[in-house]
Every structure is written in structure tokens, then in C-alpha cells.
Amino acid sequence: MTISYTLDVSQTNLQSFFSLLLRWRGSVWKAVFGQLAVWTAVFLLISCIYRYILSPSQQDVFEQLVRYFDNKLDANIPLTFLLGFFVSFVVARWGSILNGIGWIDDASLLFATYIRGADEETRVIRRNLVRYLVLSQALVLRDISMQVRKRFPTMDTLAASGLMTHEEMDILDHIKDPYSRYWTSIQWSLNLVYECQKKGKVESYYLMNKIVDEIGKFRHGLASLLKYDWVPVPLVYPQVIFLAVRIYFMICLIGRQFIVTGSNPSGASFISFSIDLWLPITTMVQFLVYMGWMKVAEALLNPLGEDDDDLECNYIIDKNLITGLSIVDTMWKHDDTGYSMVEEHMAKTPAQKKDEFWGIDKIAPLYSMESAERSVHPLVGSASKINLVKNKKEIVMTPHKNKLSELDPTEQKTYLRRVNVSDHNAKHAKQRGLERANSPDKCLSKMRSRSNGKFRTSANGSQNGVDLWTRAGDIEMNVAISNPNQVHPHSITVFPPDEPQTTSRH
């Protein structure tokens, strides 16, 4: 998960410094501590062998090795130069990947604004436009990110999660070129926008082109992710950097040893030291800094992985789906096409049906049990859950002191406001209580216990024309699915643990 520390550095004081320094998850301590402990143990082992096991003549040879390895070590392996360029390059690449991962907000706002109409057909089109963009994003990310691959290991799981219908999955299965498959749902979106313009739902070609351009930007960002995955940083570059850092500190195991007799590597006589320093403090600081610096590059080299500070790919998919559907539907809630791609199945736009999340206010995209274990850091302000009026009953609002000096007493009085915060505190306390009582881990554990039934899937997706896909809640309560447009590629037969495995239908 992405580690957020923004709130800790909201003030530049000593407390903020220690709050930042003493974090463990995603920190330099977690990244380097294990390797530093091993390196220090090996250094002390070599020191003990040199001091207590080697003979005087062998000690002389070892001391010559110490001087040889330490001589101009920093000049021969310029770690600052190597790491500086490499980390700068990787950070710039990381920023490009972050910008290209796809944010649906702008496209959703254009769908809601320019595709006019509150009738059901238009609402279905707007929601499906959002769903098609998110489907394209999921198809791309599941092929380049292990986070998303674990969540959607098969195309069937994409359909089961509501990102596409059975008909749409059949169309995708018939497309032979895997790269074209990524953009099929984008093509569907463009076809729908054109049809909306022909039907008068979009007022002009100019507005249609604005929508098309925004869809194009979204697709271009996803295409850039595929290019970054296809053409990584040349292998020699990270090999040189990672090898140089590790070789440097392997050499330091001998080159930074304290010499018992004669003079130490710095040229000073050992007798002048009043304390025999077994531990190379400055070299350990170097290890912490250089290894930590290198770990930054390792973590950012593939920001779509599963490290602490990698991008929350699954959350971005969820966020785009929930935000997009909310934007295009809230505003409108009730109170012959030329194809750019020649692939037959890409030019065929699926029938427009209600999506899986139709009429649901709290949208909860689905995960596999394994991928649901991963913690995520949602796109929520770092200070959004802080209650600054916890022990207050009211807040007094007044103009700024600079403005107060310009007002006479009567005018000052008219601007004075008292705000009761009792309701806010009660709501905040209730929310925090719910969060403590229903922690994510507890809720996932309950879901796992509910799914103890044995699931068997079949390839045809239905028996005697009956869709066998059921939700956990429907299984548990024995309630039939009421949405006729909910079509899933899976058929699932559930066998309670204590009953024999005989075929049953739902």
C-alpha cells in the first residue's frame, strides 16, 4: 500500500521530524535494517578472526589488504554520482507512470455534461461509457501488475465483478490480437458517443470531439503504461548500480577494518586512539544512506508491483468506477457509424444493458479472497479524519484580525458567528466507533467464513437457460437474483460442508 505521511509533516518542528523518522512501514529502517545487521555481523566476525586467530605474520598480510582496499575506494567507485543520476531517472519514470495510469474524472464530467437526457436509455449509455473505460484500464493493468492479476486471474472474474457482461466477454474472446483487445471497450465508447450525436443526445460535433479527445487521453495514458512495461530501463543500467553498491560495501568489510598494529588506513597510529572502535560508525552511516538511496530506485523501478510504496492499482480501478458512475448518474437521476478499427468484433458494439451496479448507492467492486488481503491507502485527505473540535460545543467565527481593524464595533458584531459542533462530534464519534467495530480485517474474516461452501464452476455458464451465478448473500439467504440483466459467465454450485456433493441448482 502507498504509505502516507503528509499529515506528519504538516508543521516544520521537532515533533514532525521524529514522527517522520520513527515510522517503520515503507521506511529506510525496514528497507535497510536486515542487510545492515548482516553486514555488521560479518564485519565483526572478520575483525575477530583478524585479532584473535591470525598469526602476527598473517596479520601483517591482512593489514596490507586493508590499506589496499581502502585506498581511493570512494574515487574508484563514485556511488554518489552513479546513484544520483539513476534515482533521478527512475523518479521521472515513476512520475510518468503515475500520470498515465488513468483518472476518469474529466471524462465522466464531460459525459454528464454533454450527453443530455434523463431517460433510462441515456443513463445506461453514460454509465456504460464509464464502465468501458474502467474495463479497458483493468484489462491493461491485469497484464502488467501482479496486484490486479491476483484480483482478476481470469476473464471470468472480470465479468463476475460487474466490469463486463457475458456478451461483452464473448466479443473479447473472439479478438485474436491481445493488444487490440485492450482497446475494444474504448472503441465501443467511441461508437456510443457517435451514436449519441446522431440521435441528438450530444448537441454538436464540437462537443462530440471534446468527449472523443478525453477518451483518447485516457487511452493514451494506458498505452504509455504498456510501453513502459514492454521497454523497461536497459538491464545493464540497474545491474551496474545495484552491483556497484553491493561490491562497495563488500570491499568495506575488509577495507574499513581497524588495524591493531602499525597505522590505520587513514595514516594515524593506532596507539593514538584511546578507544578501540570495533564498529565502523561512519561506514555504517554510509551503508544506511547509500543502501537506502538504492532501495528508493528499486522500489520505484516498477511502481505497479506489491511493495509498500507501489501504486494502488486496484484502488484506482475501484475509485474510477465509483467516481465515474456517481458523476454521470447523480446529475441525471429521476426527481450509420464509421469504425476506426477493422476487426469485426471490435466494430460490434454490445447491446446496452443496465450495469451490475445499477441502483446501488454504495458501490463495492469485487476482489478475489487473496487480493482482498492487501491493505490499501485510499484517495482521502490525510487530515480528513482529524476532529479538531472534539471537546468543544461551539466554534466562534470572526473575520481575520487584519480585517477587524478596518471595521467599527457595530460592523464587527454583525460578522460574529457561533457554530454548534455537537452534531459534528456525535457523527464523528459514531463513525470512529463503526470503524473500530468493523475493521477491514474483521469484515474480511467474516466474509471468508461465509464462503466456506464448496464452489464448482462449469464452462457453459448456465443449465437449461438458467444463470447459475449467485452472490454469497443469495446463497446464504436462498434468495433468487432479481436483476434480469445481471449476466455472469460463471455457473456456481454450492455444497454445504456437511452435505454430500449432489448437483443442485440455484
Side-chain angles (χ1 to χ4, degrees), residues 1-2 94 96-104 128 130-189 215 218-232 301-307 310-325 343 345-346 350 355-357 363-376 378-379 457 469 488-490:
M1 60 179 288
T2 303
W94 174 83
S96 299
I97 292 175
L98 175 62
N99 292 329
I101 202 167
W103 307 94
I104 206 169
N128 282 345
V130 169
R131 185 169 58 82
Y132 287 157
L133 295 189
V134 177
L135 173 60
S136 179
Q137 184 180 46
L139 289 171
V140 170
L141 289 178
R142 71 184 292 270
D143 281 357
I144 62 177
S145 170
M146 282 303 298
Q147 293 181 44
V148 184
R149 193 71 181 187
K150 288 181 178 179
R151 179 182 180 183
F152 302 120
T154 66
M155 294 289 283
D156 291 344
T157 54
L158 281 169
S161 67
L163 290 182
M164 63 178 173
T165 65
H166 193 192
E167 177 189 358
E168 291 162 357
M169 189 179 72
D170 288 341
I171 294 175
L172 291 176
D173 286 341
H174 283 86
I175 297 175
K176 305 304 180 184
D177 177 26
Y179 189 77
S180 299
R181 190 181 297 122
Y182 296 138
W183 316 128
T184 303
S185 57
I186 297 290
Q187 180 64 59
W188 297 341
S189 300
I215 295 175
F218 189 86
R219 192 212 68 84
H220 178 76
L222 296 177
S224 68
L225 295 187
L226 290 169
K227 293 171 186 174
Y228 278 120
D229 182 72
W230 178 44
V231 185
L301 199 56
N302 179 18
L304 305 179
E306 297 181 286
D307 293 329
D310 284 337
L311 302 179
E312 300 291 357
C313 298
N314 281 320
Y315 174 77
I316 292 172
I317 293 174
D318 295 351
K319 180 260 177 196
N320 280 341
L321 181 66
I322 296 170
T323 302
L325 293 180
E343 178 77 46
H345 293 285
M346 296 182 73
D355 58 79
E356 176 76 11
F357 309 101
I363 298 174
L366 300 184
Y367 287 67
S368 66
M369 277 292 180
E370 181 183 1
S371 61
E373 288 277 2
R374 178 182 169 87
S375 299
V376 299
L379 185 60
T457 61
W469 171 264
H488 293 278
H490 274 273

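Computed over heavy atoms, backbone and side chain alike; hydrogens, waters and symmetry mates excluded.
- Contact between Pro153 and Arg142 at its shortest, heavy atoms only, is O-NH2, 3.1 Å.
- Summarising the geometry of Gly102 relative to Asn320, their closest heavy-atom pair is O-ND2, 3.0 Å, with the distance given to 0.1 Å.
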Trace of the side-chain contact (heavy atoms from CB on, under 4.5 Å) decision for Glu306 with Lys150: CA-CA 11 Å; Glu306 297 181 286; Lys150 288 181 178 179; 3.0 Å; yes

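- A donor-acceptor contact under 3.5 angstrom links the side chains of Tyr132 and Glu168, judged on distance only.
- A 4.5 Å side-chain heavy-atom check between Leu226 and Tyr182 finds at least one atom pair inside the cut-off.
- In this structure, the side chains of Val148 and Ser145 come closer than 4.5 Å at one or more pairs of heavy atoms.
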From CA spacing to verdict: side-chain contact (heavy atoms from CB on, under 4.5 Å), Trp103, Ile316: CA-CA 8 Å; Trp103 307 94; Ile316 292 172; 3.9 Å; yes

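- Separation of atoms CG (Leu133) and OG (Ser185) is listed at 7.0 Å; rounding is to 0.5 Å.
- Here OG of Ser224 is found 9.5 Å from CZ of Arg219. Values are rounded to the nearest 0.5 Å.
- Atom CZ of Arg181 and atom CD1 of Ile175 lie 7.0 Å apart (nearest 0.5 Å).
- Put simply, the side chain of Gln137 gets close to the backbone of Ile101: a donor and an acceptor are under 3.5 Å apart.
- In terms of modelled atom types and a separation under 3.5 Å, the side chain of Thr184 and the main chain of Ser180 share a donor-acceptor contact.
- Interatomic distance, Gln147 CD to Phe152 CZ, rounded to the nearest 0.5 Å: 12.0 Å.
- Note on Glu312 versus Lys319: no salt bridge recorded, every NZ/NE/NH1/NH2 to OD/OE distance being 4.0 Å or above.
- To the nearest 0.5 Å, atoms CG (Asp310) and CG (Asn302) are separated by 6.5 Å.
- Using a 4.5 Å heavy-atom cutoff, the side chains of Leu222 and Ser136 are in contact.
- Asp143 meets the salt bridge (Lys or Arg N to Asp or Glu O under 4.0 Å) test with Arg149; sequence neighbours excluded.
- Contact of the Trp183 side chain with the Leu139 side chain is not registered, since no non-hydrogen atoms from C-beta on lie closer than 4.5 Å.
- To the nearest 0.5 Å, the span separating CE on Met146 from CG on Leu141 amounts to 13.5 Å.
- A heavy-atom distance below 4.5 Å is not found between the side chains of Leu321 and Ile317.
- Checked by atom type and distance alone, the side chain of Asn128 never pairs as donor or acceptor with a backbone atom of Arg131 at under 3.5 Å.
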side-chain contact (heavy atoms from CB on, under 4.5 Å) assessment of Met155 paired with Leu172: CA-CA 9 Å; Met155 294 289 283; Leu172 291 176; 3.8 Å; yes

Trace of the side-chain contact (heavy atoms from CB on, under 4.5 Å) decision for Ile144 with Tyr228: CA-CA 10 Å; Ile144 62 177; Tyr228 278 120; over 6 Å; no

